[in-house]
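Some notes on the structure that comes next.
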Protein chains: 2
Amino acid sequence: MTRDARDEKLRSRIGGIAQFYDRTGRMPSFSEIGELAGLRSKNAVSKLVLKLERLRVLGRDGKGRLIPGSIAFPVRMLGTVKAGFPSPAEEELADTLSLDELLIRNRDATFMLRVSGDSMTGAGILPGDMVLVDKGQTPRSGDIVVAEVDGEWTMKYLRRRGNSVTLLPANPRYKPIRPRNELRIGGVVTAVVRKYR
Amino acid sequence: MTRDARDEKLRSRIGGIAQFYDRTGRMPSFSEIGELAGLRSKNAVSKLVLKLERLRVLGRDGKGRLIPGSIAFPVRMLGTVKAGFPSPAEEELADTLSLDELLIRNRDATFMLRVSGDSMTGAGILPGDMVLVDKGQTPRSGDIVVAEVDGEWTMKYLRRRGNSVTLLPANPRYKPIRPRNELRIGGVVTAVVRKYR
DNA sequence: CTTGACAGTGAACAATCGTTCACCTTATAC
DNA sequence: GTATAAGGTGAACGATTGTTCACTGTCAAG
C-alpha cells in the first residue's frame with residue numbers, strides 16, 4: 001500500500017469517528033471504533049487510538065477514558081481573507097476550534113437575542129443579526145449593552161463620563177439617550193453572529 | 001423539603017452534569033453522575049437519569065447509551081432585543097442551541113477566515129471579523145464569496161447577469177471588479193462572527 | 001535475501017459498566 | 001391518621017469495557 005493510500009485511510013477513519021461524535025455527542029467505545037474503521041480486533045483499535053492520541057485527534061482524561069481532541073472543534077481556522085485558501089497540506093496544520101468555546105465564556109449567564117431595529121447599523125450590527133449577551137460581566141464604558149430605558153429595551157453603546165451615563169446609538173439618525181430615571185442594564189454584548197443561508 | 005429547594009437541587013445537578021460534559025467532552029458514567037450529584041447508590045442515579053431523560057436534558061442512543069440532550073447546546077435563545085429579558089420562569093422554557101450546530105452545515109468543507117480590509121463594511125462585515133466559508137456550496141448571485149481575482153484573494157458580493165460575472169464591494173470607495181481572466185471562487189460566506197471581549 | 005516495522009487477528013483478563021431487586025425514610029395528599 | 005409517591009441506600013448480576021499477550025501477513029529499506 002502506498003503512503004498516500006495509507007494517509008487517506010487514516011483520514012477517513014478520523015472522519016468516521018468525528019461523524020460518530022457529531023451525531024451522537026458521545027465518544028464511541030473501542031468496539032464501536034472497530035466497527036467504524038472496519039477492524040475486528042480490539043488490539044488493532046488500541047493501536048489506532050494510540051496513533052490518534054499522538055495526533056491530538058483524541059485524548060484521555062484523568063481516569064484514562066477517551067475524550068475528543070480536535071474532532072470536538074468543528075471549524076478549521078485559516079489565516080486572513082487576503083491569504084486565501086492554502087494548499088491541502090497546509091490545511092491540516094491549521095488550528096481547529098469550536099464556535100461555542102470561542103464565543104461563550106460563561107454559559108449560564110449568556111443568552112442570545114435577535115436584533116430588531118437599525119440603531120446599531122454603524123457598528124456592523126444589522127437588524128436580524130443575533131447577539132450574545134452576558135448578564136454576568138460588569139459593563140464598562142465603550143461596551144455595547146442591552147439596557148432598559150424608561151420601560152423599553154434597547155441596544156446601545158454605553159458611555160460613562162464621571163458619574164453621568166449616556167447611551168449612544170451607532171446610527172446618526174438616532175439621538176443619544178441620557179436616561180432620566182433609573183437605567184437597568186441587562187447585559188453586555190460579547191459577540192455578534194449573522195447567518196447568511 | 002420544600003418544592004423550591006427540590007427544584008434548585010435538581011437544577012444544580014443538571015448544572016454539574018453539564019459542566020462535566022463541557023469540561024471533558026464526554027458523558028459521565030453512572031458512578032460519576034453519582035459523585036457529581038452526591039448520590040451513593042447507583043439506583044438513585046438511575047432514577048435521576050430517568051427524570052433527566054424525560055426533561056430532555058439527557059437522551060439515549062440506539063444502543064441505550066447515554067448521550068447529551070439539551071446540555072450539549074450551551075446558549076439559551078430568547079426573543080428580540082425589544083422584548084428584553086424575560087422573567088426567570090420564562091427563561092427555562094426558552095430554546096437552547098449550539099452555535100456550532102447553528103452555523104456549520106458541512107463541517108469538512110467549512111473554514112473560518114479573519115477579515116482584513118474594509119471593502120465589505122457596508123454589509124456589516126468589519127475588518128477583524130471572522131467569516132465562515134463553505135467551499136462546498138455552489139455560489140449564487142447575491143452571495144458573498146471569497147474569490148481570487150488576478151492573483152489576489154478578496155471577499156465581495158457576487159452578481160451574475162446572464163453570463164457576465166461581477167464582484168461587488170459593499171463600500172462605495174471601492175469599484176466593482178469585472179474579472180478579465182478566470183475567476184476562482186474559494187467558497188461562499190455562510191456566516192459572520194464578531195467577538196467583542 | 002533478509003530484517004524490521006507496520007497493520008491486523010483472536011483470545012484471555014480484571015475492571016467497570018448499567019440494570020434490577022429489596023428495603024428504608026420523609027413529605028405530601030386524601 | 002394513613003396511604004402513597006418521591007428520594008435514597010446497598011448489594012447482586014451479567015454485559016461490556018479497555019488492556020495485554022502471542023501470533024500472522026505484507027511491504028519497504030538495507
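Note that the structure is predicted; figures quoted are calculated from it, not measured.
The side chain to side chain donor-acceptor pair (under 3.5 Å) search around Arg13(B) returns none, not counting sequence neighbours.
Panel note: side chain Ser46(A), backbone Lys42(A); no donor-acceptor pair is recorded below 3.5 Å. Asp61(A) places a side-chain N or O within 3.5 Å of a backbone atom of Gly64(A) that can act as its donor or acceptor partner.
What you find for Gly128(B) and Arg114(B) is that their closest heavy atoms are O-NH1, 2.9 Å. The shortest non-hydrogen separation linking Ser98(A) to Ala72(A) is CB-O, 4.1 Å.
Side-chain atoms of Tyr21(A) and Arg23(A) include no donor-acceptor pair closer than 3.5 Å. A donor and an acceptor atom, one from each side chain of Asp134(B) and Gln137(B), are located under 3.5 Å apart.
Other residues, nucleotides and ligands place no more than 12 heavy atoms under 6.0 Å from the CZ atom of Arg105(A).
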Distance-only check: which donor-acceptor pairs under 3.5 Å involve side-chain atoms of residues 48-56 of chain B, not counting sequence neighbours?
from: Glu53(B); atom 1: OE2; to: Arg60(B); atom 2: NE; distance (Å): 3.0
from: Glu53(B); atom 1: OE2; to: Arg60(B); atom 2: NH2; distance (Å): 3.4

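Close to dG7(D), at under 4.0 Å from its OP1 or OP2, lies a side-chain N or O of Lys51(B). Residue Arg13(B) places no side-chain N or O under 4.0 Å from the OP1 or OP2 atom of dG7(D).
Axis deviation across the helix from dC1(C)-dG30(D) to dC30(C)-dG1(D) amounts to 30°, comparing end segments of five pairs, rounded to 10 degrees.
Side chains of Ile144(A) and Met120(A) form a contact here, defined as non-hydrogen atoms less than 4.5 Å apart. For the pair Thr121(B) and Leu126(B), the minimum side-chain heavy-atom distance is below 4.5 Å. Residues Tyr196(A) and Val192(B) form a side-chain contact, since some pair of their non-hydrogen atoms from C-beta on lies under 4.5 Å apart.
Salt bridge Glu32(B)/Arg26(B): present, at least one basic N to carboxylate O contact under 4.0 Å.
Rounded to whole Å, atom C1' of dG8(C) lies 15 Å from atom CG of Leu50(A).
DNA chain D lies under 4.0 Å from at least one heavy atom of each of the following residues of residues 55-67 of chain B: Arg65(B). Within residues 14-26 of chain A, no residue approaches DNA chain D, by heavy-atom distance under 4.0 Å. Using a 4.0 Å cut-off on heavy atoms, the residues of residues 28-49 of chain B that approach DNA chain D are Leu39(B), Arg40(B), Ser41(B), Asn43(B), Ala44(B), Lys47(B), listed by number.
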